[in-house]
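In what follows, a single structure is set out as C-alpha cells and then discussed.
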Amino acid sequence: MKLPVDFSAVKSALDSTQQSADEPLAVSLYIDENSPEDMIAHVRKAFFSTDAKIRFSMEYLSATSAPNSGDDMACIVAGTSEEVGALAERIRQAGVPVMVATSMPSLVRDLSAATGHPIPVGDLVAPMTKAPDAKGQVPAVVADDDRQEPIALDEQAIRTLDERMGQWVITACSQKKLAFALAFPFVRRPLATEAVTATSLQNAGIGAFMFIPGADMPILTLNQVKMVLQIGAAYGQPMTMDRLKEIAFVVAGAFGCRALARQGAGLVPGLGWAVKGAIGFAGTEAMGRAVIEYFEGGGNISGLANLVKHAGGAAASGAQKAASSSVGKTVVEKGSQALGRILKL
C-alpha cells in the first residue's frame with residue numbers, strides 16, 4: 001500500500017531533529033543570595049543536568065559578575081540586590097539572552113528601574129498567583145495580579161513558574177530549543193505545545209485553501225508525522241525511520257481527513273473552506289495533545305502508534321459529528337477562528 005506521505009521529507013525531518021538534539025549548550029546561572037531559598041533551590045534544580053554536552057556554570061551575584069560571551073543563555077535568580085538590573089544589561093549587551101527569574105517580580109522590576117537598568121518585561125519571569133485559564137494556558141510574561149511577595153512556591157506556583165521559564169527558553173533560544181528540551185525537563189511541555197499549535201494552524205490553512213482534490217492529504221499527514229517526531233524528541237524518545245513509517249501509516253488511516261473534509265464541506269454551502277479548515281485544525285490538535293499527555297504520563301515510543309491511532313479516530317469522529325450538526329455551526333466557528341489566527345501571523 002502506498003502511503004500518502006513523502007518519506008524523503010520524513011527522513012529529512014528525522015535527520016534535522018537528531019542534529020538539533022545533539023547541539024551542545026552553554027548556560028550560566030547567577031544567584032542573588034537575597035533571593036528566597038525556595039526560589040534558589042528550585043531554579044538550581046531546574047537547570048541541573050548530567051548531559052555531557054552541557055557546559056554549566058554557577059556563581060553568586062556580585063558587582064564583579066561578568067557575562068560569558070559563549071553562553072547560549074543566562075539566568076539570574078533575583079532578589080533584593082541592586083546589581084541584578086546592571087548584570088542583566090551587561091549580559092544582553094554581550095549578545096546573550098538572559099532570563100531574570102524571581103518570586104518578587106514587582107520589587108525586582110522597580111529596583112532595577114530605580115538603579116537605571118530596567119529589565120525588559122519579557123525577560124522577567126515569575127510564578128503566577130492565579131490559576132491558568134480554562135484551557136490551562138499560562139501567560140508567558142509577568143502581569144500584575146493580587147500577589148503577596150515573595151510568592152510562596154506551592155504546587156501551582158511551581159508549575160506556572162516552570163511553564164513560564166520554558167516558554168521564555170523556546171522564544172529566546174529558538175535555534176536550540178530542542179536541545180534545551182532534552183537537557184531541561186521544564187522546557188519540554190512548552191516546546192511540545194508550541195509544536196501542536198503551529199502544526200494545527202498549518203493544517204487548518206491547508207485544509208481550507210488546498211482546492212486540488214487529494215492534494216491536501218500528503219501534506220496533512222507529513223505535518224502530523226513531523227509534529228509527533230518533534231514531541232517525541234522533546235521527551236527524549238528517539239525515533240527510527242521504521243517507526244516513523246509506522247506512525248505515518250497510522251496517521252493516514254486514523255484520520256481520513258480528505259474524505260471527512262469532503263463530506264463535511266457539503267453540509268455548509270458557501271462555507272466548506274471553514275469546515276475543512278476546522279477538521280485540519282481540530283484533528284491535528286487532538287492528536288498532538290494526546291501525544292503530549294502520553295509522554296507526560298511516562299509512555300514510551302513502543303506504544304505510540306496505538307495511542308496515535310485511537311487519538312486520530314476519536315478526533316475524526318468528533319469532527320464528523322460537529323460537521324453533521326445543525327448547519328455545521330461549531331465546525332464553521334472553529335475553522336473561522338483557526339484561519340483568523342493564520343491570517344494574523
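Positions are given from 1 along the sequence.
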Treat each ILVMFWY residue as a node, draw an edge where side-chain heavy atoms are under 4.5 Å apart, and state whether [X] and [Y] are in one component.
X      : Y      : answer
Val228 : Phe295 : yes
Leu111 : Val84  : no
Met58  : Phe186 : yes
Ile170 : Val125 : yes
Ile231 : Leu178 : no

[X] vs [Y] side-chain heavy atoms within contact, under 4.5 Å:
X      : Y      : value
Thr102 : Val77  : no
Met39  : Leu161 : yes
Trp168 : Pro97  : yes
Pro127 : Leu153 : yes
Ile119 : Ser112 : yes
Cys75  : Val43  : yes
Leu244 : Lys11  : no
Met99  : Ile76  : no

Taking atom [atom1] as the centre, does [X] end up with more than 12 heavy-atom neighbours from other residues, nucleotides or ligands that are less than 6.0 angstrom away?
X     : atom1 : result
Arg55 : CZ    : yes
Glu37 : CD    : no
Glu59 : CD    : yes

Anything under 30° is parallel, anything over 60° is perpendicular, the rest tilted; go ahead and classify Phe47 against Phe56.
->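 The rings of Phe47 and Phe56 lie parallel, inter-plane angle below 30°.
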Look at the aromatic rings of Phe180 and Phe184 and report parallel, tilted or perpendicular, splitting at 30° and 60°.
->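 It falls in the tilted class, 30° to 60°.
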How far apart are the closest heavy atoms of [X] and [Y], and which atoms are they?
X      : Y      : answer
Val108 : Gly79  : CG2-O, 3.4 Å
Leu222 : Ala9   : CD2-CB, 3.8 Å
Leu14  : Thr240 : CD2-C, 4.1 Å
Ala46  : Met165 : CB-CE, 4.0 Å
Leu191 : Ala181 : CD1-CB, 3.9 Å
Pro120 : Arg92  : CD-NH1, 3.4 Å

Approximate separation, where rounding is to 0.5 Å, of [X] [atom1] and [Y] [atom2]:
X      : Y      : atom1 : atom2 : result
Lys177 : Leu182 : NZ    : CG    : 13.0 Å
Arg109 : Asp123 : CZ    : CG    : 14.0 Å
Glu23  : Gln18  : CD    : CD    : 13.5 Å
Ile40  : Ser103 : CD1   : OG    : 9.0 Å
Arg289 : Glu285 : CZ    : CD    : 5.0 Å
Thr50  : Lys53  : OG1   : NZ    : 10.0 Å

Can Asp71 and Ser28 be said to form a side-chain hydrogen bond (donor to acceptor under 3.5 Å, both in side chains), step by step?
-> CA-CA 7 Å; Asp71 280 348; Ser28 290; 2.5 Å; yes
Determine, using ring centers only, whether Tyr60 and Tyr30 are less than 6.0 Å apart.
->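 No: the rings miss the under 6.0 Å criterion.
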Under the 3.5 angstrom rule, does the side chain of [X] hit a backbone N or O of [Y] as a donor-acceptor pair?
X      : Y      : answer
Asp32  : Ala78  : no
Asn68  : Gly70  : no
Thr197 : Glu194 : no
Ser20  : Ser16  : yes
Thr160 : Met128 : yes
Lys226 : Thr199 : no
Ser65  : Leu61  : no

Pair [X] + [Y], salt bridge at N-O below 4.0 Å:
X      : Y      : result
Arg189 : Asp162 : no
Glu155 : Arg159 : no
Arg188 : Glu296 : no

Where do Met73 and Val169 land on the side-chain contact (heavy atoms from CB on, under 4.5 Å) test, with the steps shown first?
-> CA-CA 8 Å; Met73 68 158 286; Val169 169; 4.0 Å; yes
Show the numbers, then the answer: is there a side-chain contact (heavy atoms from CB on, under 4.5 Å) between Ile151 and Met104?
-> CA-CA 7 Å; Ile151 300 168; Met104 300 184 287; over 6 Å; no
Output, in order, the C-alpha distance, side-chain angles, deciding distance and verdict of side-chain contact (heavy atoms from CB on, under 4.5 Å) for Gln224 and Met287.
-> CA-CA 8 Å; Gln224 289 161 348; Met287 173 190 281; 4.1 Å; yes
Side chains of Thr115 and Glu82: do they bring a donor and an acceptor to under 3.5 Å?
-> no
Donor + acceptor pair across side chains of Glu149, Ser106 (<3.5 Å) |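 Their side chains do contain a donor-acceptor pair, which is all the 3.5 Å distance test asks for.
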Apply side-chain contact (heavy atoms from CB on, under 4.5 Å) to the pair Thr17 and Gln230, showing each step before the final yes or no.
-> CA-CA 7 Å; Thr17 299; Gln230 189 170 12; 5.7 Å; no
